[in-house]
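Working notes, beginning with the structure itself.
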Amino acid sequence: MNNREVAAVFDLIADLLEIKGEQVYKVLAYRRAAQEIGNLGRSLQTLWEADELRTIPGVGEAIASKIDELLRTGKLEFAEKLAAEVPPGLVEVLKVEGVGPRKAARFWKDLGITTLADLEQAARAGKLRGMPGMGARSEERILKGIESLRRRQVGRVSIGRARPVALSLLAEIERMPSVHRVELAGSLRRWRETVGDIDLLVAAEDAAQVIRLFAGLPQVDRVLGQGDTKVSVELQDGLRAQVWVHPPERFGSALQYATGSQAHNVRLRELAQQRGLSLSEHGFKKPGGGEILCDSEEEVYRRLGLPWVPPELREDRGEIQAAQRGQLPELVGLDDLAGELHAHSTWSDGQNSIEEMARAAMSLGLRYLVISDHSQSLGVANGLSIERLRRQAKEIETVQRRIGAGLRLLRGTEVEIRADGALDYPDDVLRQLDVVTASMHTSLRQAPEKVTARLLGAIRNPNVDVIGHPTGRMVEGREPAEVDIEAILREARQTGVALEINAHPARLDLDEANARRAAEMGCLLAINVDAHSPSDFELREYGVGVARRGWVPPGLVVNTWPVDRLEAWLQRWKQPGIRD
DNA sequence: GCCGTTTTCGGCCCGACTGTTTTCAGTCG
C-alpha cells in the first residue's frame, strides 16, 4: 500500500466514526494522521521498515499499529468492523453540502438511508421534512447539493485553472466603491496545487454594498450563502468563490484568518490562549473585554511573539515551531530565477522560433535560456534526429549573435529516457551539449524497480545535468510513476544532478512533498517551466509556489545561479580526477 | 486518538450562516 491508500483508509475511518457519533477529537486524530501521511514526501514503507512511524506528527501508538497492520496484510480489521457497523455509502451522503455527521446518522437510523440515491429519493418524496429541525427548504437545499455534487465530481480544481479566474474577480472588486484593498486568500494564496474554492478578502467601509455588487456580477451563477460580512457563490464555470469584507482596521487579522490553513489557524489560536487572548478574524479579544485590532498580518504574528510567516508555509508542518525559534527558512522567490533550463521551439513541439523564445525570456529579465527540444524517439513531439540537432546548434549560434549579450543561449536537449533505460542520444552527442535534461514520457506504468532503475541510470550518466518532471505525474488525471523517490533523491544528491520542479500548472512535478524532502536532503533543484510558447514563461510562478511550499531555499535551485556558477556546475564531471 | 517550557490526564479554536426555531443545533471554513 502506498501513502495515499493508507491515508484514504484513515479518512474513511474518520468519516465512519463521525457518523457513528464517536467523540470529535478521536475523529480529528484520524483526519490529522491521514493528512500528515498524505503529505509525507517519503514512502511510508521506508519509515515502517525503519520502525519510525511514530516520528510522523499525529501518529501515536494506536495509529502506528494500524499502519503496521495495513502494510503487513493490506487490510485493517478495525476498518472492516466499522464498515460493517456503519454503511460506507453514507460517506457520499456526507459530501452533500449542508449534511454533516449528525444529519447523515439521523437519515440512516430514522429512514434507512444508506446511499446518495436513497437520500435523493427521500428528499423528492418529502420524507425528510418531518425530521427535527428540517423543513421543505432543507429538502430543496439537499437536492441542490446532490445535483451540485454530481456536477462537480471532484471537489478541487487545479490552481492553474482557478488562479486566472480569481485574479479577474479580484480586478472586478478593486473597482467597486469604498474598497481599499483586495487580496487572494485561502489555498490560492498559499499556492496549493489544487483549490476547493476561490477566497477573496476585501477591506472596505461599505460591506453590504460590496457583497451586493459581487453577488450581482455576470460571472456569478447562483448565490450559495450571503450574510453581513461574507458571500459565497457558484460561478458560471462551476468554480466557487467566497468573499469576506472587513473594515480596513481589521484587515490583518481577517486576511490571516481567511488565508488559513485551518490547522495553522488552530495553532495560532492556541498560542493566543496561552497569552490569555482570544484570536478570531476580527482581532484579539482581551479577557476583561476590549480588543486589539490588527490592520496587518505582521501585527497578528507579532502579538503572538512570531515573525510573519509566509502563506506558503502555513500548514502546521513545523512552521510555527520554526518561527518560534527564529528559524523560518529563506524561501526561493520568482525574482531569484536567473534563467530557464527547459524550453522548446518549433524544432520539436514548441509553438515559436528560437529567436521568439529568446526575446520573450529577455523581456522578462532572464540572463540565460536553454533550448531543450525533444530527442529523436519522441516522434509525436517531432523529436530531433542527431542531424537536426547539429543544424539547430547553428541556428542557436545565429540567434545568439542577433540578440546580443543580454541573454545567454545554451544548447540543450530534453533527451528521452527510453523504456529500456537507454538515453535517446549516444554519449558523444550528449557531451557536446551545454545542458542535458533527461525525462520520461513513455512507459510510465512500468514496475517500480524498472522505472526507478531507468531514472537511476540517467542520473548516473555524467552527461545528464537535470532530470525533467521526475515522476511524470499530472495534477489532474495522471498518477506519478511508481518511482522509489528516496533512492532517486539519494543518487541525485550524490552525483549533483538537479531534479526539476516542473512549473507548468498541469504538472507541478516534483510536487511539494517531494520538493521538501529533496531540500531536506540537500539535493539540487531546477525550477523550469517547460516552455512551449513565450506566454508559458509567465507560469514560472507556479513552480516557485511548489518550491516555497517545499521550504526550498534559493541556494539549492541551480537556475537562481549566475551563469558562471551554472557553467562551473555543468562542468563538474569534466574536471580531471572526478569519477574516473 | 494524540500530546506535554502549565499536564502522562485532561485538555484539544472561533465565529458566521442557515433553517428552523423563539434560543438553538448543525454545518462550514
Gap between atoms CD and C1', on A:Glu36 and B:dG1 respectively (whole Å): 14 Å
Separation between the P atoms of B:dT21 and B:dG26, rounded to whole Å: 14 Å
Nearest-Å distance once atom P is located in both B:dT20 and B:dT27: 14 Å
A:Gln274 CD - B:dT6 C1' separation (whole Å): 9 Å
Ring centres under 6.0 angstrom apart (A:His469, A:His504): no
Comparing A:Phe78 and A:Val266 on DNA chain B - which has the more 5′ nearest nucleotide: A:Phe78
Below 4.0 Å: OP1/OP2 of B:dC14 and any side-chain N or O of A:His282: no
Closest to the A:Ile63 side chain, choosing from B:dC13, B:dC2, B:dC14: B:dC2
Touch class at under 4.0 angstrom, heavy-atom based, for A:Gln23 against every strand present: base
Under 4.0 angstrom between A:Ser138 side-chain N/O and B:dT20 OP1 or OP2: yes
Polar pairs (N or O, both sides) under 3.5 Å between protein and nucleotides 27-29 of chain B?
residue	atom	partner	partner atom	Å
B:dT27	OP1	A:Gly100	N	2.7
B:dT27	OP1	A:Gly100	O	3.1
B:dT27	OP1	A:Lys103	N	3.0
B:dT27	OP2	A:Arg102	N	3.3
B:dT27	O5'	A:Gly100	N	3.4
B:dC28	OP1	A:Gly98	N	2.9
B:dG29	N2	A:Tyr257	OH	3.4

Atom pair CH2/CG of A:Trp308 and A:Leu328 - distance to nearest 0.5 Å: 10.0 Å
P-based separation of B:dC12 from B:dG19 [nearest Å]: 31 Å
Nearest-Å distance once atom C1' is located in both B:dC14 and B:dC9: 25 Å
Pairing partner (Watson-Crick or G-U wobble, both distances under 3.5 angstrom) of B:dT8: none
Under 3.5 Å donor-acceptor, A:Asn39 side chain and A:Ala513 backbone: no
Residue A:Glu482 excluded, over 12 heavy atoms near CD under 6.0 Å: no
Distance in angstrom units between A:Tyr30 OH and B:dC3 P, rounded: 13 Å
Per A:Ala29 side chain, nearest of listed nucleotides B:dG19, B:dC2, B:dC12: B:dC2
Per A:Ala62 side chain, nearest of listed nucleotides B:dG1, B:dT18, B:dA16: B:dG1
Span that lies between the P atom of B:dC17 and that of B:dT8, in whole angstrom: 41 Å
Gap in Å between the two C1' atoms, one belonging to B:dG11 and one to B:dT6, rounded: 12 Å
Sugar-phosphate only, base, or nothing, as touched by A:Thr229 at under 4.0 Å among non-hydrogen atoms: sugar-phosphate
Touch class at under 4.0 angstrom, heavy-atom based, for A:Arg141 against every strand present: sugar-phosphate
Whole-Å gap separating P (B:dC2) and CD (A:Gln35): 16 Å
Geometric cation-pi criterion A:Arg549 and A:Trp191, 6.0 Å radius, 45° cone: no
Nearest-angstrom distance from the residue atom CZ of A:Arg275 to C1' of B:dT5: 13 Å
Atom-to-atom span, CZ of A:Phe284 to C1' of B:dG15 - whole angstrom: 15 Å
Length of the OH-C1' vector between A:Tyr25 and B:dC9, whole Å: 15 Å
Plane angle bin for A:Tyr301 and A:His264 - parallel if under 30°, tilted between 30 and 60°, otherwise perpendicular: tilted
From A:Glu36 atom CD to A:Glu315 atom CD, the distance as rounded to the nearest 0.5 Å: 10.0 Å
Nearest-angstrom distance from the residue atom CZ of A:Arg32 to P of B:dC2: 11 Å
First encountered from the 5' end of DNA chain B, between A:Val59 and A:Gly227: A:Val59
OP1 or OP2 of B:dG15 under 4.0 Å from side-chain N/O of A:Lys285: yes
Same-atom distance (P) from B:dT5 to B:dG1, integer angstrom: 23 Å
Sugar-phosphate, base or nothing in reach of A:Leu28, heavy atoms under 4.0 Å: nothing
Polar side-chain atom of A:Glu319 near backbone of A:Arg317 as donor-acceptor pair, under 3.5 Å: yes
Geometric cation-pi criterion A:Lys66 and A:Phe78, 6.0 Å radius, 45° cone: yes
Inter-nucleotide P distance (B:dC13, B:dT23), Å rounded: 29 Å
